[in-house]
2 protein chains.
Amino acid sequence: MARFKGQAEYSVDAKGRVAIPAKMRAALSPDAQQTFTLTKGFEQCIYVYPLDEWRIQEDKLARLNSYDRESRLLVRMMLMWAEEISLDGQGRVSVPRTLSDYAGLKDRALIIGAIDRIEIWDPVVFEDYLAGASSNPEELAERVMGSGP
Amino acid sequence: MARFKGQAEYSVDAKGRVAIPAKMRAALSPDAQQTFTLTKGFEQCIYVYPLDEWRIQEDKLARLNSYDRESRLLVRMMLMWAEEISLDGQGRVSVPRTLSDYAGLKDRALIIGAIDRIEIWDPVVFEDYLAGASSNPEELAERVMGSGP
DNA sequence: TGTATGGTGGGGAAATGTGGGGAATACTCC
DNA sequence: GGAGTATTCCCCACATTTCCCCACCATACA
């Protein structure tokens, strides 16, 4: 299982390409085959799953019953944004227009490692997100993880 | 098994032809032989099954008890609209009039991948469908998939 | 100071979506 | 039943986008 961490701020070029940090590329399993699935993330960002991690998500959706109304809705909402993208020779992904619009990407992108996926944010959007959260790491950790050792 | 995902908005030309996105064509198994079965979908859209996936759906219907009134009704409703269509040289399907009327297709079509099938929507109809759902993916995922890891 | 690594930018070839013409087929109305 | 009309299918042509490759520059490291 991949374990992505760290952050980097890179440029978004005129063709909508964003580099994946070399450190994170190094963390890829061979099964991932230099291929990612980009999709809409919770909050205003783009999720970037390596091929093998994405398969896990997709399998969950595939097991749903397509004769159930809410299952159909979920499959549509989750999959319509997903797109499979391979790295180019320079280790970049080209971000589809629909996703870059959603995330509000302009000329710079903030890349964040998040365990089993990578996230792409517009730097300003991310700053606002943190500001809006208005909670310091200490308090948040207590609430989420519990206060035990 | 095919794994369709992603979205694309294409034009519906004067002859009622709609292109199938190249990415989705690439996901076809060789068994599908560039042939699809189009039929009326749940909610106001058109289902597009590759040949091999359609066989699976048909088998499900075949296994139903034909002495059951509701089973007979379901079989009729599913099959009466089904039509086998091959791609033309440019990777397009020509949508039968009855189905395009049902889906409310005009000059633009939204194509979305949904695991084992492709769906064709009128962009406005789809927008209304999502708006009517009044539920965000986060909540829905929790309800449908369960909140477990 | 030379070398390897990593990010940035751009040019050209191939692929993809779009529109239309014309032959073959089916359909309808007289 | 036949002529006219509409529809379907197959092919070609064009414009745009995408993809792949190469070159450049900056930084880190030895």
Side-chain angles (χ1 to χ4, degrees), chain A residues 4-28 33-38 46 48 51 81-101 105-113 118-123, chain B residues 4-28 33-38 46 48 51 81-101 105-113 118-123:
Chain A
F4 300 111
K5 54 180 167 291
Q7 62 161 320
E9 193 182 319
Y10 288 162
S11 70
V12 181
D13 69 19
K15 297 183 180 178
R17 295 176 296 188
V18 177
I20 300 296
K23 292 245 170 98
M24 297 185 193
R25 293 204 301 269
L28 285 176
Q33 295 167 355
Q34 305 272 301
T35 302
F36 293 91
T37 297
L38 275 62
I46 300 169
V48 182
L51 192 53
W81 299 100
E83 197 135 346
E84 205 166 292
I85 309 271
S86 291
L87 293 183
D88 69 6
Q90 282 68 252
R92 293 173 290 194
V93 291
S94 88
V95 180
R97 186 69 51 93
T98 45
L99 287 174
S100 98
D101 284 351
L105 282 190
K106 286 181 286 288
D107 55 343
R108 304 247 72 192
L110 184 66
I111 322 291
I112 300 177
I118 296 166
E119 298 185 353
I120 301 178
W121 292 76
D122 177 74
Chain B
F4 300 110
K5 56 177 163 288
Q7 60 171 318
E9 194 182 318
Y10 288 162
S11 68
V12 181
D13 67 21
K15 299 181 181 179
R17 296 175 297 188
V18 177
I20 301 296
K23 288 250 168 92
M24 297 186 193
R25 293 202 302 268
L28 286 176
Q33 295 168 351
Q34 307 269 303
T35 303
F36 293 92
T37 298
L38 274 64
I46 301 168
V48 181
L51 196 51
W81 302 103
E83 197 141 343
E84 206 165 282
I85 309 269
S86 291
L87 291 183
D88 70 6
Q90 281 69 252
R92 293 173 290 196
V93 290
S94 88
V95 179
R97 185 66 53 92
T98 46
L99 289 175
S100 104
D101 284 350
L105 282 191
K106 286 181 285 289
D107 55 342
R108 304 247 79 195
L110 184 67
I111 323 292
I112 71 179
I118 295 166
E119 299 184 350
I120 301 178
W121 292 76
D122 177 74

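Remember, it's a predicted structure, so these values are computed and weren't measured experimentally. Convention: sequence-line order gives letters A, B, ...; per-chain numbering from 1.
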Within the pair B:R97 and D:dT8, is there a side-chain N or O less than 4.0 Å away from OP1 or OP2?
-> no

Smallest heavy-atom separation, A:M24 atom then A:K5 atom, equals CE-O, 3.5 Å

B:K15 meets the side chain to side chain contact (heavy atoms under 4.5 Å, CB included) criterion, sequence neighbours left out, with B:D13, B:R17

Can you confirm whether A:V48 sits close enough to A:F4 that some side-chain heavy atom of one is under 4.5 Å from a side-chain heavy atom of the other? no

Hits for side chain to side chain contact (heavy atoms under 4.5 Å, CB included) against A:T35, two or more places apart or cross-chain, chain-then-number order -> A:Q33, A:L51, A:E84, A:S86

Residues passing the side chain to side chain contact (heavy atoms under 4.5 Å, CB included) test with B:A19, sequence neighbours excluded, are B:Y10, B:R92

When you check the phosphate oxygens OP1 and OP2 of C:dT18, does a side-chain N or O of B:S11 lie under 4.0 Å from one of them?
-> yes

Counting any heavy atom closer than 4.0 Å, what does B:R25 reach on the DNA or RNA strands: base, sugar-phosphate only, or nothing?
-> sugar-phosphate

Distances under 3.5 Å only, N/O to N/O: pair up the protein atoms with those of nucleotides 11-15 of chain D.
{"from": "D:dC11", "atom 1": "N4", "to": "B:Q90", "atom 2": "NE2", "distance (Å)": "3.0"}
{"from": "D:dC12", "atom 1": "N4", "to": "B:Q90", "atom 2": "OE1", "distance (Å)": "3.2"}
{"from": "D:dC12", "atom 1": "N4", "to": "B:Q90", "atom 2": "NE2", "distance (Å)": "2.7"}

When rounded to whole Å, the CE to C1' distance for the pair B:M24 and C:dA15 reads 17 Å

Out of C:dG7, C:dT8, D:dC9, minimum distance to the side chain of B:K15 belongs to D:dC9

| Can a side chain N or O of B:R108 be found less than 4.0 Å away from OP1 or OP2 on C:dT18? | yes

Whether each nucleotide of nucleotides 24-30 of chain D has a protein heavy atom under 4.0 Å at its base (B), only at its sugar-phosphate (S) or at neither (-) is summarised, 5' to 3', as -------

Here the pair of heavy atoms bringing B:R25 nearest to B:G91 is NH1-O, 3.6 Å

Q: Decide yes or no, distance alone: a donor-acceptor N/O pair under 3.5 angstrom between the base of C:dG6 and the side-chain of A:K23.
A: no

By side chain to side chain contact (heavy atoms under 4.5 Å, CB included), A:K23 pairs with (sequence neighbours left out) none

Shortest non-hydrogen pair, B:I111 vs B:I118, comes out as CG2-CG2, 3.5 Å

Between A:P21 and B:A14, whichever has its closest DNA chain C nucleotide further toward 5' is A:P21

